[in-house]
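Bear in mind the structure is a predicted one, so any value in this text is a computation, not a measurement. Residue numbers run from 1 in the order of the sequence given. These values consider heavy atoms only, across backbone and side chains, with no hydrogens, waters or symmetry-generated copies.
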Amino acid sequence: MKQVTLAVILLLLGGFSDAQQPDVRVQLWTLFQLSQIELQPAGKTNLAWSDGSILQGKPTSIRAHGDTVEFSGHSAAKLVVSGDFRITAARAPAQHIHSKVEVSAKNGVLQVIASLPVEEYVAVVLQGETAGNMPPDALRALAVSIRSYTSRFRERHKEDGFDFCDTTHCQFLRLDVQPDVSAAVKATVGALLWDRGRPLAAYYHKDCGGQTEAAAAVWPDQQSEALISHADSYCVRMTQPWRSEIAQADIERAMNRARLQIPTRWNRINVSARTPSGRTKTLQFSLGNSSGVPLSASSFRFAVGRALGWNTLKSDWYDVSTQAGHFIFNGRGVGHGVGLCQTGAAEMARQGKGYREILEFYYPTAALGRSAQGIRWTVTHDEAFELHVVNSSDTTTARPTVRSALDWARQISGLSLSQLPVVEVYPTVAMFRDATGEPGWVAASTRRERIRIQPVSVLQGRFESVLRHEFLHMLVENNAKANTPLWFREGLVVYLGGDPPTAAEIEMTSEQIEQIINSRSSQADLRQAYAQAAAFVGRIDREHGRGKLIEYLRSGLPAESSN
């Protein structure tokens, strides 16, 4: 029989309902090509690099020299700064940092990447996107949106070595967070919006102009029932129309800079297609009454924004007219219009709506929670168990394997269940991780009569062995007396599974075993603790027989066995 692997042994720990997510890596000063920054300690600050570490108490200049970083007479490929400090640079806003920052260089340009805990990142984005100028429940609603967006699009810049930039391309941020913003994040800590078992792509914008936009109209690959177009009576009360006048020469300059093709002798811009919400989808650049050249409205707006300023065209919802070599854009709304409208959300909060109501209004069908919600299961009923799958094709493989594993666990243990077990087979590791809170290397999670397990395709040949272990765990817990020691229950599962890892010659006490398990120690200590627990159970089995093991499980251990 196969040796029980560490990953399976660690399943005995149970689920982490609020698993710690890794820090979010954010590139600072993305739009600035900086070759020098100034470090100003505000408290205890540490500078570390490959050759040493300095506790810094005075200002320091950090410069890029080719692909290396120079500072305080030292040179390194990467510098890590931690503690409490400010970083300033010419032409760039100062940043007050309370966490770790990595500074490297490439071709004479510094790259500054901050590592922020998830909730701290949500707070600095909420500060950047709102400046704190929203009612409390609107801030809470937007905090949930930001957290969901972060979870959905994490590692957006993975190939660049970080998760997000600090511009509106990802999420805009400000590191100096106001108390109202911190309170909004704390009030919603961990809460996400879920769309069919995945964190929702929870887009948000400044002002929808009275009608939100469907995500699919802007990003065709983001179709969702939670991101549809609908009327917004709250924004209508507050939205303000806008007008922009742009000279033809400035438009040509913006198009050339963005390398967008338009006719050489054009003098007209017409709206040739609109989205269902009424926003401009396609523009036609032409000379007189000629057919002209089509151009997407979003490409046009981004080109104009980069060249002439982002407030020149505030949205894609406008009409165009011509006047003496200038083009007049009369529009409404600010931003893409998808998801939560900040103007409308603020008005809802002023009218007494709670943040849950705001989220429900702007993201209909999305589920709010800390673990995966809204998963569309296909349920198969069996006289011995209930099988839930998302991919119906998994039923063919999973159903006979679940039955085989359950029969084996019942036979090897001699135990039975008081309730019908439920097995949930997740289609992706990410969905399993989101639903259980377990790290990705844990194969399954069992809570009472419910087993949640990673995809069949991921576990492959391990699928049945993992299920056997989980059913043993379920049977043992279902039959255990309330005060049966943890070390005995866990050791029994490993022992019954067969061929547990070899315990060290130096034995642990039962108290030491339980302390290691409860403290979630290192993998080496956990392996040894479970091996020792299984060895104790095996000793009882050899001295008293299998029947006594089951008797002790149901009735409790006698004092001499407990010691």
Go through the side-chain N and O atoms of Glu449 and Asn478 and say whether any donor and acceptor fall under 3.5 Å apart.
yes
Quick one: which of Tyr363, Tyr203, Tyr204 gives a side-chain hydrogen bond (donor to acceptor under 3.5 Å, both in side chains) with Ser145?
Tyr363
Can you measure from CZ (Arg140) to CG (Leu359) and round to the nearest 0.5 angstrom?
12.0 Å
Residues passing the salt bridge (Lys or Arg N to Asp or Glu O under 4.0 Å) test with Arg25, sequence neighbours excluded, are Glu102
Can I get a per-line list of side-chain donor-acceptor pairs under 3.5 Å for residues 421-434, giving both atom names and the distance, sequence neighbours left out?
| residue | atom | partner | partner atom | Å |
| --- | --- | --- | --- | --- |
| Glu424 | OE1 | Tyr426 | OH | 2.9 |
| Glu424 | OE2 | Arg450 | NH1 | 2.5 |
| Thr428 | OG1 | Met431 | N | 3.0 |

Is any NZ, NE, NH1 or NH2 atom of the basic residue among Arg399 and Asp382 found under 4.0 Å from an Asp or Glu carboxylate oxygen of the other?
yes
Salt-bridge contact Glu543-Lys548 (side-chain N to carboxylate O under 4.0 Å)
no
Got a donor-acceptor contact below 3.5 angstrom from the Ser404 side chain to the Pro400 backbone?
no
Kindly say whether Thr282 contributes a backbone atom to a donor-acceptor pair with the side chain of Thr280 at under 3.5 angstrom?
no
Listed pairs under 3.5 Å, donor-acceptor, residues 386-394 side chains, sequence neighbours left out:
| residue | atom | partner | partner atom | Å |
| --- | --- | --- | --- | --- |
| Glu386 | OE1 | His381 | ND1 | 3.3 |
| Glu386 | OE2 | His388 | NE2 | 2.7 |

Distance, nearest 0.5 Å, that separates CG of Leu368 from CG of Leu192:
8.5 Å
With a 4.5 Å heavy-atom cut-off, do Ser224 and Leu200 have their side chains touching?
yes
Distance-only, no hydrogens or angles: does the Thr239 side chain make a donor-acceptor pair with backbone N or O of Cys235 under 3.5 Å?
no
Within 6.0 Å of CD in Glu360, more than 12 heavy atoms from elsewhere
no
Should Arg403 and Glu464 be marked as a salt bridge (Lys or Arg N to Asp or Glu O under 4.0 Å) after you check the CA-CA gap, both sets of side-chain angles, and the distance that decides it?
CA-CA 10 Å; Arg403 173 175 285 280; Glu464 183 167 359; over 6 Å; no
Between Phe164 and Phe153, does the ring centre distance come in under 6.0 Å?
no
Mark yes or no for whether Thr343, through its side chain, and Lys206, through its backbone, hold a donor-acceptor pair below 3.5 Å.
yes
Judged by atom type as modelled, is there a donor-acceptor pair below 3.5 Å linking the side chain of Asp541 to the main-chain atoms of Arg546?
yes
Test item: Arg154 and Val118 side chains (from C-beta on) under 4.5 Å apart, heavy atoms:
yes
I'd like to know if the side chain of Thr188 pairs up with that of Arg147 as donor and acceptor (distance under 3.5 Å, no hydrogens or angles considered).
yes
Which distance, rounded to the nearest 0.5 Å, do you find between the OG1 of Thr509 and the CH2 of Trp487?
10.5 Å
Quick one: do the Ser277 and Glu213 side chains pair a donor with an acceptor below 3.5 Å?
yes
Could you tell me whether the side chain of Asp137 and the main chain of Tyr355 form a donor-acceptor pair under 3.5 Å?
yes
Go through Phe471 and Thr446 one step at a time and tell me if the side-chain contact (heavy atoms from CB on, under 4.5 Å) criterion holds.
CA-CA 9 Å; Phe471 277 127; Thr446 296; over 6 Å; no
Under a 3.5 Å distance rule, please check whether Thr212 uses its side chain to pair with a backbone N or O of His230 as donor and acceptor.
yes
For a side-chain contact (heavy atoms from CB on, under 4.5 Å) check, start with the C-alpha distance between Ile358 and Leu142, then their side-chain angles and the critical distance, and finish with the verdict.
CA-CA 9 Å; Ile358 296 172; Leu142 190 55; over 6 Å; no
Taking atom types as modelled, find out whether Gln351 and Glu347 have a side-chain donor-acceptor pair closer than 3.5 angstrom.
yes
